[in-house]
Amino acid sequence: MHFYCKCGNRISDTTDFIPYKAHLIADQDFDDLLESIEQLMNQVVNNPKVLDKSINTMYDLLYKANKSVYQCEKCGNLFIDGKGNTLEAFQPETDEMNKHLLQSIKGEKWKGFLIAEWNEIKPDWSDAHGHIFIETLTSVKGYETRSFNDYEVFEKSYYDLLEVLTKKEALRRSSLKKDCQLLHEWKITR
């Protein structure tokens, strides 16, 4: 899904861990949600065999109780899910509005992703074979989303970025794929 703010900025919701998206739970629903989660936890304590079902039920409860909220990173406008497939828009009172209200409470310590994908046949949406996507709050100069047509340069860039971002403790996960085959994966150990 994507839509445009009245300032012209495109707001896209096509992945997870979006820094300008949050989930809103009405105060009227919050205590009911906590009580439901507590009941599920008690069921698991009394019968561990229902753990998988209880986890799925908890996810369902969380998704049904929340509304998506988006913030335009350019002007600060807020958009909240309305009835049906509508969005309710709210404008900031001043231009000094914090345009990062919806980012993680972990701030700069939030750990993100490094995803590298190479396709011998170029995707319809691109004029390049390889793309590296960085979703972290830590910037690496010159390495926003990058496109490649030389596999060796692509692969070296991935491993260079992996080294830089792991040293900065900015990643939770990374992956390198070639024609949908996973060649390398790294995950943070907790």
Side-chain angles (χ1 to χ4, degrees), residues 1-46 50-115 117 125 131-140 143-145 165 168-175 187-190:
M1 171 186 105
H2 72 270
F3 61 94
Y4 289 89
C5 180
K6 75 176 197 172
C7 74
N9 189 37
R10 183 176 192 259
I11 299 171
S12 181
D13 184 358
T14 57
T15 186
D16 295 326
F17 301 99
I18 300 171
Y20 51 82
K21 179 182 177 184
H23 299 275
L24 175 70
I25 299 175
D27 191 54
Q28 294 170 320
D29 298 327
F30 192 71
D31 285 329
D32 291 341
L33 179 63
L34 292 178
E35 286 177 15
S36 296
I37 290 171
E38 183 179 0
Q39 289 173 358
L40 286 170
M41 290 172 63
N42 287 333
Q43 288 175 10
V44 171
V45 167
N46 295 327
V50 299
L51 177 63
D52 287 342
K53 182 181 177 188
S54 295
I55 289 171
N56 290 334
T57 302
M58 191 176 338
Y59 285 150
D60 287 344
L61 289 169
L62 288 167
Y63 282 109
K64 287 177 184 173
N66 84 78
K67 297 178 182 184
S68 294
V69 180
Y70 305 90
Q71 185 179 32
C72 177
E73 294 181 298
K74 186 174 176 184
C75 71
N77 284 348
L78 288 173
F79 300 87
I80 301 174
D81 281 343
K83 291 185 179 179
N85 280 336
T86 64
L87 290 168
E88 301 290 335
F90 299 88
Q91 292 180 296
E93 291 182 355
T94 68
D95 289 339
E96 284 79 46
M97 164 91 170
N98 177 353
K99 295 179 179 86
H100 305 286
L101 285 173
L102 305 182
Q103 285 186 352
S104 170
I105 59 171
K106 295 175 183 174
E108 293 294 319
K109 293 182 181 179
W110 182 80
K111 297 183 185 315
F113 304 89
L114 172 63
I115 300 168
E117 297 176 349
W125 52 269
H131 299 88
I132 295 180
F133 305 96
I134 304 170
E135 183 61 53
T136 67
L137 294 178
T138 302
S139 62
V140 179
Y143 279 101
E144 292 70 39
T145 299
L165 291 169
K168 291 184 174 190
E169 298 181 354
L171 290 178
R172 71 175 63 208
R173 181 171 49 226
S174 75
S175 64
K187 292 181 183 178
I188 193 170
T189 54
R190 295 180 190 225

Quiz item: Do any pairs count as a salt bridge (charged side-chain N to carboxylate O under 4.0 Å, His left out) and have a residue in residues 18-37, sequence neighbours left out, and if so which ones?
Solution: Asp13-Lys21
Practice problem: Output the distance between atom CE (Met41) and atom CE (Met58), rounded to the nearest 0.5 Å. | Solution: 7.0 Å
Quiz prompt | Whether over 12 other heavy atoms sit under 6.0 Å from Asn85 CG | solution = no
Quiz item: Do Ile134 and Leu165 touch side chain to side chain, with heavy atoms closer than 4.5 Å?
Solution: yes
Quiz item: Could you give all pairs that pass the ring pair (Phe, Tyr, Trp, His ring centres under 6.0 Å) test and reach residues 17-36, with sequence neighbours left out?
Solution: Phe17-Phe113
Quiz item: What distance separates Ser36 OG from Asp60 CG, expressed to the nearest 0.5 Å?
Solution: 11.5 Å
Quiz item: Rounded to the nearest 0.5 Å, what separation is found between the CG atom of Leu78 and the CD atom of Gln71?
Solution: 5.0 Å
Exercise. Could you name each residue pair satisfying salt bridge (charged side-chain N to carboxylate O under 4.0 Å, His left out) that touches residues 73-89, not counting sequence neighbours?
Key: none
Self-check item: Shortest non-hydrogen contact between Asn9 and Cys72, atoms and distance
Solution: ND2-SG, 3.4 Å
Exercise. Can you measure from CG (Leu62) to OG1 (Thr57) and round to the nearest 0.5 angstrom?
Key: 11.0 Å
Practice problem: Go through the steps for Lys53 and Gln43 under the test side-chain contact (heavy atoms from CB on, under 4.5 Å), then give the verdict. | Solution: CA-CA 10 Å; Lys53 182 181 177 188; Gln43 288 175 10; over 6 Å; no
Exercise. Return each pair, listed once, that meets ring pair (Phe, Tyr, Trp, His ring centres under 6.0 Å) where at least one residue sits in residues 53-72; pairs must be two or more places apart or across chains.
Key: Phe3-Tyr70
Quiz item: How far does OG of Ser175 sit from CG of Leu114, to the nearest 0.5 angstrom?
Solution: 7.5 Å
Quiz item: What residues, two or more places apart in sequence or in another chain, satisfy side-chain contact (heavy atoms from CB on, under 4.5 Å) together with Lys64?
Solution: none
Quiz item: Distance from Ser12 atom OG to Ile18 atom CD1, nearest 0.5 Å?
Solution: 6.5 Å
Quiz item: Going by heavy atoms in the side chains, are Pro19 and Leu102 under 4.5 Å from each other?
Solution: no
Exercise. For Leu171 and Ile188, run side-chain contact (heavy atoms from CB on, under 4.5 Å): C-alpha distance rounded to whole Å, both residues' side-chain angles, the deciding distance at 0.1 Å, then the answer.
Key: CA-CA 7 Å; Leu171 290 178; Ile188 193 170; over 6 Å; no
Exercise. Specify whether His131 and Phe133 have parallel, tilted or perpendicular ring planes, treating 30° as the upper limit for parallel and 60° as the lower limit for perpendicular.
Key: parallel
Practice problem: Apply side-chain contact (heavy atoms from CB on, under 4.5 Å) to Asp95 and list each qualifying residue two or more places apart in sequence or on a separate chain. | Solution: none
Exercise. With the side chain counted from C-beta on, respond yes when Met97 and Cys75 share a heavy-atom pair under 4.5 Å apart, and no when they do not.
Key: no
Exercise. Considering non-hydrogen atoms only, spot the tightest contact between His2 and Arg10 and give its length.
Key: ND1-NH2, 2.9 Å
Quiz item: Where do Leu61 and Leu40 land on the side-chain contact (heavy atoms from CB on, under 4.5 Å) test, with the steps shown first?
Solution: CA-CA 11 Å; Leu61 289 169; Leu40 286 170; 3.8 Å; yes
Self-check item: Close side-chain approach of Ile11 to Cys5, heavy-atom, < 4.5 Å
Solution: yes
